[in-house]
Amino acid sequence: MKISILPIAATARYNRSMDELVDRLRAILGHGGVLDEAGDIAPYGTDWRGLFDHRPRAVVRPADTAGVAAAVRLCAASGVAIVPQGGNTSMVGGAVPGTAGSQIVLSLARMNAIRTIDRSSLTLEIEAGVTLRAAQLAAEAAGAFLPLSISAEGSAQIGGVISTNAGGNNTLRFGNTRDLVLGLEVVLPDGRIWNGLRRLRKDNTGYALRHLFAGAEGTLGIITAAVLRLAPMPRSRIACFCGLPGIEAVLDLYRRLRDEDEAALYAFEYISGTALDLALRHLPGARLPLERAAAHYALVELATTRRAGDLGATFETVLGEALDAGSLDDAAIANSEAQRLAFWSLREHMADAQKRAGASIKNDVSVPVAAVPALLARAADMLAQHYPGARMDAFGHIGDGNIHLNVIQPEGADPARFETQGGELMERVNVIIADLGGSFSAEHGIGLLKRHAVTVWRGEVERDVMLRIKAAIDPAAIMNPGKIFEP
Ligand code: MLT
Ligand code: ZN
């Protein structure tokens with residue numbers, strides 16, 4: 001490890017200039033716009049998973065785009081790094097400072113206006129600090145549907161959701177977040193505002209800059225507002241919780257439903273038997289929606305905007321065929337909206353159950369859908385060989401080939417000791433993933449946690465192009481440094 005020690009005079013000078021910067025930020029953003037008391041800023045330095053505790057020097061909370069731009073200009077002039085932060089729900093340390101004590105967190109939480117909803121064009125213009133749940137509700141109130149849903153949607157904010165190009169439960173039908181982004185407003189690292197808030201479905205006028213910022217994890221600028229594509233509100237939605245005898249059976253059911261009515265298949269989620277057992281054990285009030293336990297489960301949602309669409313009949317036909325073929329054990333179709341939501345609540349609390357079950361190593365991987373059985377079998381063998389007793393807590397978006405292949409410490413083992421094996425365990429999973437033509441990060445991004453892997457996975461040419469883009473847009477490297485790339 002390289003340790004650099006600043007002479008005492010230089011340290012004092014540095015602290016003085018940081019104090020001056022905080023004063024100037026306060027002068028433009030007001031008292032409520034800047035936090036620098038230890039107790040106030042601490043939550044902005046830790047992540048949801050509790051992996052990082054990198055306290056920022058201060059937290060700025062601008063109320064509008066002009067405030068963001070002014071804050072960025074001041075930080076840029078002082079060469080101080082900025083960490084954009086939304087709901088701070090990153091699974092990979094994407095929204096906490098890269099190091100302790102010297103970076104400014106810029107929270108978008110106060111920028112939470114729903115600007116406009118256009119029912120004819122089916123677009124929603126919102127500010128970055130609107131939570132995904134609030135955005136869904138705003139669309140719904142206007143009679144439209146925002147086809148984007150993730151487990152953290154109650155806290156995750158739109159700016160962060162776009163910056164990580166989040167996936168989620170509706171990706172198989174509507175694509176990832178970037179596929180819903182028509183326009184963006186971004187504050188660039190030099191403080192200029194790029195107003196790209198277009199609402200066009202067609203716009204072939206050169207580079208699609210919005211796609212650069214979507215998924216850039218805040219390393220190229222700060223997304224302050226967005227225009228999102230909406231969909232017509234489904235007239236009916238129906239969910240089914242299925243118990244299945246094997247992973248091949250899960251894929252068989254997926255293929256049957258897709259081939260029967262692809263347009264109606266809004267979600268096809270996978271929960272392994274182990275993941276469900278952990279949820280029943282650790283989540284208060286959780287219960288199995290079926291009469292008997294199964295080896296694997298799927299939560300399927302069909303939806304349609306058609307008046308005459310009979311989704312119940314589609315389920316009955318396909319589930320009946322799957323039963324006859326021996327690829328389905330049991331199924332419960334939600335008979336009320338409350339039950340549909342209860343099925344979803346179980347799925348959306350999988351990450352909480354994982355957290356409560358002990359120390360765990362999270363792998364958010366994707367492979368071609370057909371390779372999921374091979375992935376799970378090879379991962380189980382690898383764990384049995386190298387980490388006896390460790391529990392494979394797999395769940396995820398199987399219709400996208402995206403499995404959250406989490407590994408939880410053996411019962412009674414020392415959590416800290418298990419965590420030290422994390423890097424090596426992830427590498428072992430990655431060897432399997434590479435062999436199956438997959439990705440080591442399907443929807444959670446890179447952040448601080450996985451940045452070491454970018455060179456290997458993207459290769460030298462791709463990494464070089466990415467670094468050139470970064471250098472062209474953020475030459476002083478002040479925007480969320482340490483994320484995606486190693487410093
Ligand atoms: C989910 O699908 O529930 C989220 O991506 C969270 C997780 O992977 O733990
Ligand atoms: Zn997920």
Side-chain angles (χ1 to χ4, degrees), residues 47-51 86-95 131-133 147-157 160-178 215 217 239 241 250 266-272 274-276 278-279 282-283 286 297-301 341-367 369 372 375-376 379 391-409 422 426 429 433 438-447 449-450:
D47 62 315
W48 184 83
R49 294 179 60 195
L51 299 178
N88 199 9
T89 58
S90 172
M91 295 285 181
V92 291
T131 64
L132 176 51
R133 186 74 196 119
L148 180 58
S149 173
I150 60 174
S151 297
E153 63 199 22
S155 324
Q157 296 171 11
V161 169
I162 297 172
S163 294
T164 50
N165 182 29
N169 308 331
N170 300 132
T171 298
L172 87 167
R173 172 68 175 79
F174 294 95
N176 281 318
T177 301
R178 74 164 70 253
E217 302 191 25
F241 203 93
V250 178
Y266 274 38
F268 193 104
E269 295 285 302
Y270 169 67
I271 304 173
S272 63
T274 306
L276 198 97
L278 288 169
H282 296 283
L283 298 176
Y297 301 92
L299 170 54
V300 188
E301 182 153 296
L341 294 175
F343 289 177
W344 274 110
S345 174
L346 191 56
R347 165 63 187 87
E348 283 165 357
H349 284 88
M350 286 291 144
D352 289 315
Q354 180 193 346
K355 203 169 164 183
R356 290 168 197 225
S360 64
I361 316 294
K362 258 179 142 26
N363 296 282
D364 163 39
V365 301
S366 63
V367 292
V369 179
V372 170
L375 163 66
L376 294 182
R391 293 160 289 168
M392 189 163 91
D393 174 32
F395 58 92
H397 320 283
I398 197 166
D400 310 318
N402 176 193
I403 299 293
H404 299 307
L405 208 155
N406 307 308
V407 185
I408 301 187
Q409 63 168 87
M426 282 201 259
V429 170
I433 294 299
S439 167
F440 73 106
S441 186
E443 62 168 10
H444 293 170
I446 307 281
L449 197 63
K450 300 189 172 172

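All ligand and atom numbering here is 1-based and tracks the order in the structure. For the single chain, residues carry numbers from 1 onward in sequence order.
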Any idea which atoms of ligand 1 are less than 4.0 Å away from a heavy-atom of [X]?
X	value
A351	9 (O)
F395	3 (O), 9 (O)
R347	1 (C), 2 (O), 3 (O)
H397	2 (O)
H404	1 (C), 2 (O), 4 (C), 5 (O), 8 (O)
M91	6 (C), 7 (C), 9 (O)

Between K362 and V407, is a side-chain contact (heavy atoms from CB on, under 4.5 Å) present by the stated rule, with each step listed?
CA-CA 7 Å; K362 258 179 142 26; V407 185; over 6 Å; no

To which protein heavy atom is [atom] closest, and what is the distance rounded to 0.1 Å?
atom	answer
atom 9 (O) of ligand 1	K362 NZ, 2.6 Å
atom 5 (O) of ligand 1	H444 NE2, 2.8 Å
atom 3 (O) of ligand 1	S151 OG, 2.7 Å

Checking one value in my table: which N/O/S atom of H397 lies closest to the Zn ion (ligand 2)?
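Looking at H397, the N, O or S atom with the least distance to the Zn ion (ligand 2) is NE2.
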
Atom of H404 nearest the Zn ion (ligand 2) (restricted to N/O/S, atom name only)
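For H404, the N/O/S atom sitting closest to the Zn ion (ligand 2) is NE2.
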
Just by modelled atom types, is the [Y] backbone N or O under 3.5 Å from a matching donor or acceptor in the [X] side chain?
X	Y	answer
S272	A394	yes
R391	Q409	yes
N402	V365	yes
E217	T164	no
E153	I150	yes

Applying side-chain contact (heavy atoms from CB on, under 4.5 Å), run through Y297 and Y270 and close with a yes or a no.
CA-CA 6 Å; Y297 301 92; Y270 169 67; over 6 Å; no

Quick one: does ligand 1 sit under 4.0 Å from the side chain of E443, the backbone, both or neither, non-hydrogen atoms only?
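The part of E443 near ligand 1 is the side chain, not the backbone.
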
Which bit of E348 is near ligand 1, meaning a heavy atom under 4.0 Å away: side chain, backbone, both or neither?
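Neither part.
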
Heteroatom N/O/S of E443 within less than 2.8 Å of the Zn ion (ligand 2)
yes

For a distance under 2.8 Å, tell me if H444 has an N/O/S atom near the Zn ion (ligand 2).
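So H444 does not bind the Zn ion (ligand 2) by this criterion.
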
Would you say the side-chain atoms of E443 and H397 include a donor-acceptor pair closer than 3.5 Å?
yes

Could you check whether W344 and E301, counting side-chain N and O atoms only, form a donor-acceptor pair closer than 3.5 Å?
yes

The test is side-chain hydrogen bond (donor to acceptor under 3.5 Å, both in side chains); show your working for S360 and Q354 and say whether it passes.
CA-CA 7 Å; S360 64; Q354 180 193 346; 2.9 Å; yes

Please confirm whether N406 comes within less than 3.5 Å of ligand 1 when only nitrogen or oxygen atoms on both sides are compared.
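In fact, backbone or side chain, N406 has no N or O that close.
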
